[in-house]
Amino acid sequence: LLRLNQLQKDLEEVKELLTKATRKRLRDVLMTEKHKLELEIKNQPPPKPKDVAEEEKSSLGGYTVKINNYGWDQSDKFIKIYISLNGVQKLPAENVLVNFTERSFDLLVKNLNGKNYTMTFNNLLKPISVEGSSRKIKTDMVLVMCRKKREEKWECLTQVEKESKEKEKAAYDTSDPSEGLMNLLKKMYAEGDDEMKRTINKAWVESREKQSKGDIPMDI
């Protein structure tokens with residue numbers, strides 16, 4: 001609930017900035033951020049009824065850790081999510097719980113080395129069979145097996161991930177090759193480390209120097 005409140009406040013501020021922004025580049029950045037926030041708000045899990053949330057909280061002793069690292073693979077019939085947890089095979093089987101719905105699952109590992117571990121996947125890309133899905137406990141690993149309702153390849157795990165990839169592809173898929181290259185360079189610069197930024201800056205300066213000498217056309 002706290003996370004949802006923060007996202008809604010961020011969205012309100014972005015909308016406020018949009019009313020004041022006049023530069024196209026700035027408006028594009030703000031519109032992209034607005035879209036991301038709206039998606040994230042839409043995909044927040046609904047709040048649990050208070051009594052259920054309190055009961056679950058009181059049943060968990062110790063510190064709860066949210067799992068962010070995982071690997072995944074797929075076969076014709078299953079999506080397989082691999083979660084590394086040292087010593088998980090030593091726990092009683094009832095301490096490793098997975099709750100499946102048609103488009104989500106929640107993992108809860110209780111009292112592993114004095115901590116509880118949780119992982120939630122909402123808005124899976126395609127529907128899964130609740131009855132056909134399961135979890136397996138292996139050495140230092142939990143394997144979550146989501147049974148596909150239809151035997152088809154998934155390009156990613158969640159709907160949000162798919163929408164994000166499509167939006168990013170659209171930003172760089174342009175009929176103007178030089179514009180696509182500039183967009184790619186901007187992305188590399190924004191996400192790169194100091195060394196990457198120095199390299200791009202150096203290449204940009206050299207390119208401008210060549211343009212001024214007439215060595216290459218100005219539109220490159």
Side-chain angles (χ1 to χ4, degrees), residues 1-10 36-165:
L1 190 60
L2 180 62
R3 170 74 175 152
L4 184 59
N5 287 340
Q6 291 296 326
L7 289 170
Q8 287 169 339
K9 286 179 181 177
D10 289 347
K36 283 182 184 175
L37 287 166
E38 287 171 342
L39 266 179
E40 202 166 346
I41 288 170
K42 184 178 79 172
N43 290 303
Q44 286 294 302
K48 294 181 181 179
K50 188 174 179 183
D51 56 339
V52 174
E54 288 301 315
E55 183 182 332
E56 185 177 284
K57 188 175 179 182
S58 64
S59 69
L60 294 176
Y63 181 64
T64 298
V65 179
K66 187 174 180 181
I67 301 169
N68 293 312
N69 294 324
Y70 63 90
W72 75 284
D73 194 5
Q74 62 183 308
S75 64
D76 289 341
K77 296 181 179 179
F78 287 95
I79 291 291
K80 307 169 188 178
I81 295 96
Y82 302 88
I83 301 112
S84 296
L85 289 167
N86 288 337
V88 70
Q89 72 278 5
K90 298 172 186 175
L91 290 177
E94 61 266 23
N95 280 33
V96 182
L97 307 170
V98 183
N99 178 50
F100 295 97
T101 75
E102 191 176 68
R103 294 296 284 267
S104 73
F105 72 83
D106 292 282
L107 167 69
L108 171 62
V109 180
K110 295 195 282 189
N111 197 23
L112 175 60
N113 302 321
K115 296 178 183 177
N116 307 301
Y117 293 84
T118 64
M119 169 181 268
T120 300
F121 268 93
N122 291 311
N123 291 92
L124 290 170
L125 184 66
K126 299 177 189 291
I128 61 173
S129 164
V130 173
E131 300 78 20
S133 299
S134 61
R135 61 99 178 99
K136 295 181 180 178
I137 301 171
K138 298 179 174 292
T139 303
D140 298 333
M141 179 183 291
V142 176
L143 171 58
V144 178
M145 304 278 290
C146 298
R147 176 66 186 253
K148 297 176 179 178
K149 279 215 165 175
R150 293 177 59 188
E151 295 185 13
E152 55 186 332
K153 186 176 181 181
W154 291 23
E155 58 196 273
C156 51
L157 276 180
T158 65
Q159 187 65 33
V160 176
E161 192 179 343
K162 181 186 178 186
E163 290 171 3
S164 176
K165 282 183 177 179

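Small disclaimer: the values here were computed from a predicted structure and weren't measured.
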Engineer: Rounded to the nearest 0.5 Å, what separates atom CZ in Arg135 from atom CE in Met145?
Structural biologist: 12.5 Å

Engineer: Going from CD on Glu40 to CD on Glu38, what distance comes out if it is rounded to the nearest 0.5 angstrom?
Structural biologist: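 Nearest 0.5 Å value for the CD-CD distance: 12.0 Å.
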
Engineer: If you take all heavy atoms of Leu157 and Glu161, which pair is closest and at what distance?
Structural biologist: N-OE1, 3.5 Å

Engineer: Given 3.5 Å as the limit, does a donor-acceptor pair link the side chain of Glu151 with the main chain of Lys77, or not?
Structural biologist: no

Engineer: Give me the ring orientation class for Phe105 and Phe100: parallel if the planes are under 30° apart, tilted from 30 to 60°, perpendicular past 60°.
Structural biologist: tilted

Engineer: Tell me which one of Thr118, Asn99, Leu97, Val96 satisfies side-chain contact (heavy atoms from CB on, under 4.5 Å) with Leu107.
Structural biologist: Val96

Engineer: So, Asn116 side chain and Asn111 main chain: donor-acceptor pair closer than 3.5 Å or not?
Structural biologist: yes

Engineer: Do Asn68 and Lys66 have side chains that approach each other closer than 4.5 Å (heavy atoms only, starting at C-beta)?
Structural biologist: yes

Engineer: What's the spacing between Leu143 CG and Ile83 CD1 if we round to 0.5 Å?
Structural biologist: 8.0 Å

Engineer: Which pair of non-hydrogen atoms, one from Ile128 and one from Cys146, has the smallest distance, and what is that distance?
Structural biologist: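 Result for this residue pair: CG2-CB, 3.9 Å.
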
Engineer: Within the supplied structure, the quantity of interest is the number of heavy atoms (other residues, nucleotides, ligands) at a distance under 6.0 Å from Asn69 CG; does it exceed 12?
Structural biologist: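 Counting other residues, nucleotides and ligands, CG of Asn69 stays at 12 neighbours or fewer.
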
Engineer: Once rounded to the nearest 0.5 Å, what's the spacing between atom NZ of Lys42 and atom CD of Glu163?
Structural biologist: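 Going from NZ on Lys42 over to CD on Glu163, the span is 5.0 Å.
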
Engineer: Tell me whether Arg103 contacts the main-chain N or O of Leu125 through its side chain, where contact means a donor paired with an acceptor under 3.5 Å.
Structural biologist: yes

Engineer: Looking at Ser104 and Leu124, what are the two nearest heavy atoms and their distance?
Structural biologist: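 Scanning both residues completely, I find the closest heavy atoms to be N-CD1, 3.6 Å.
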
Engineer: Could you please spell out the steps behind the side-chain contact (heavy atoms from CB on, under 4.5 Å) verdict for Lys149 and Lys126?
Structural biologist: CA-CA 8 Å; Lys149 279 215 165 175; Lys126 299 177 189 291; over 6 Å; no

Engineer: Step by step, work out the side-chain contact (heavy atoms from CB on, under 4.5 Å) result for Met141 and Val88.
Structural biologist: CA-CA 6 Å; Met141 179 183 291; Val88 70; 5.5 Å; no

Engineer: For a quick test of reading the model, state the closest non-hydrogen atom pair linking Trp154 to Trp72 and the distance between them.
Structural biologist: O-CH2, 3.9 Å

Engineer: Check whether any side-chain N or O of Asn95 sits under 3.5 Å from a backbone N or O of Val109 as a donor-acceptor pair, and report yes or no.
Structural biologist: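 No.
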
Engineer: For the pair Asp106 and Leu108, evaluate side-chain contact (heavy atoms from CB on, under 4.5 Å) and give the outcome as yes or no after the intermediate values.
Structural biologist: CA-CA 7 Å; Asp106 292 282; Leu108 171 62; over 6 Å; no

Engineer: Using modelled atom types and a 3.5 Å cut-off, is there a donor and acceptor pairing between side-chain atoms of Ser133 and backbone atoms of Arg147?
Structural biologist: yes

Engineer: Using 0.5 Å steps for rounding, measure from the CG atom of Asn113 to the CG atom of Leu85.
Structural biologist: 9.5 Å

Engineer: Which heavy atom in Asp140 sits nearest to a heavy atom in Gln89, and how many Å separate them?
Structural biologist: N-OE1, 2.8 Å

Engineer: Out of curiosity, Leu39 CG to Gln159 CD, how far, rounded to the nearest 0.5 Å?
Structural biologist: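 Separation between the atoms: 9.0 Å.
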
Engineer: Is it the case that the side chain of Lys36 and the backbone of Ser164 share a donor-acceptor pair, with hydrogens and angles ignored and the cut-off at 3.5 Å?
Structural biologist: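 Not at all, since once roles are kept as given, no pair shorter than 3.5 Å links the two residues.
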
